J.: 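Questions regarding the structure given below will be posed in turn.
None of the values given here were measured: they were computed from a predicted structure. Order of the sequence lines sets the chain letters (A, B, ...), proteins ahead of strands, with each chain counted from 1.
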Amino acid sequence: MPRRADPGEPRVVGPGFHARVFAVVRRVPAGHVTTYGQVAAALGSARVARQVGFAMAGACHADEYVPWHRVVNAKGAVSTRSGGDGAEDQRELLEAEGVEFSASGRVDLNRYRWVFPE
DNA sequence: CCTGTGACCGAAG
DNA sequence: TCTTCGGCCACAG
């Protein structure tokens, strides 16, 4: 499957993208995780996974509550950002919700991945 | 308006 | 299983 979108594929990403990301992430219940790509797909464009991650950075100091720690990458690992710190906090928060990590520091997506209801 | 910048993703080696 | 590489697109300055 091609990484590039077909020419005719519409861009469903509209203005206020970050706000949309927050709304989606808020629908993930405790004890479950989702991936950046999955959130992007829920927004209509699977190719904006990167922007989803970028939005989470803002979610940290956002006034509204956003369970940013429940978003991991496609491999089930906690992504490390420029700061480096915070990734450990994310793992702690998830473990507090009952999410187990493997020896290689990854979660079993087949088990914890949250599927958004239609 | 133009440019730089990523908490990503999938394929290939 | 790990590393490298190219492409993607919203947002800030």
J.: From CD of Q51(A) over to P of dC9(B), roughly how many Å is that when rounded to an integer?
T.: 12 Å
J.: Rounded to whole angstrom units, what separation is found between the NZ atom of K75(A) and the P atom of dA11(B)?
T.: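 Result: 11 Å.
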J.: Base, sugar-phosphate or nothing for A57(A)? Non-hydrogen atoms, less than 4.0 Å.
T.: base
J.: Side-chain N or O of R106(A) versus OP1/OP2 of dC2(C): is the shortest distance under 4.0 Å?
T.: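 Result: yes.
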J.: If you compare every side-chain N and O of R50(A) against the phosphate oxygens of dC9(C) (OP1, OP2), does one of them come in below 4.0 Å?
T.: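 No.
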J.: Any cation-pi pair here, R91(A) with F101(A), using under 6.0 Å and within 45°?
T.: yes
J.: Rounded to the nearest angstrom, tell me the gap between atom NE2 in H18(A) and atom P in dG6(B).
T.: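 After rounding, the gap between these two atoms is 14 Å.
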J.: Rounded to whole angstroms, how far apart are CZ on R47(A) and P on dC11(C)?
T.: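 Rounding to the nearest Å, CZ of R47(A) and P of dC11(C) are 16 Å apart.
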J.: Base, sugar-phosphate, or nothing: which does Y36(A) touch, judged by heavy atoms less than 4.0 Å apart?
T.: base
J.: Rounding to an integer number of Å, can you tell me how far R20(A) CZ sits from dC11(C) P?
T.: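 Value for this atom pair: 10 Å.
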J.: Assigning hydrophobic clusters by single linkage (Ile, Leu, Val, Met, Phe, Trp, Tyr; side-chain heavy-atom cutoff under 4.5 Å), is V21(A) placed with F116(A)?
T.: yes
J.: Just how far, in rounded Å, is P of dG6(B) from CZ of F17(A)?
T.: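 My rounded result for the distance is 17 Å.
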J.: Could you give the CG-to-P distance, from N73(A) to dC2(C), as a whole number of Å?
T.: 12 Å
J.: Taking side chain as C-beta onward, heavy atoms only, is V99(A) less than 4.5 Å from R70(A)?
T.: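 Not in contact.
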J.: In terms of side-chain heavy atoms, does Q51(A) have a donor or acceptor partner in H18(A) at a distance below 3.5 Å?
T.: no
J.: Would you say a side-chain N or O of S79(A) is under 4.0 Å from OP1 or OP2 of dC8(B)?
T.: yes
J.: What's the CZ-C1' distance between F22(A) and dA7(B), to the nearest Å?
T.: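 Between C1' of dA7(B) and CZ of F22(A): 12 Å.
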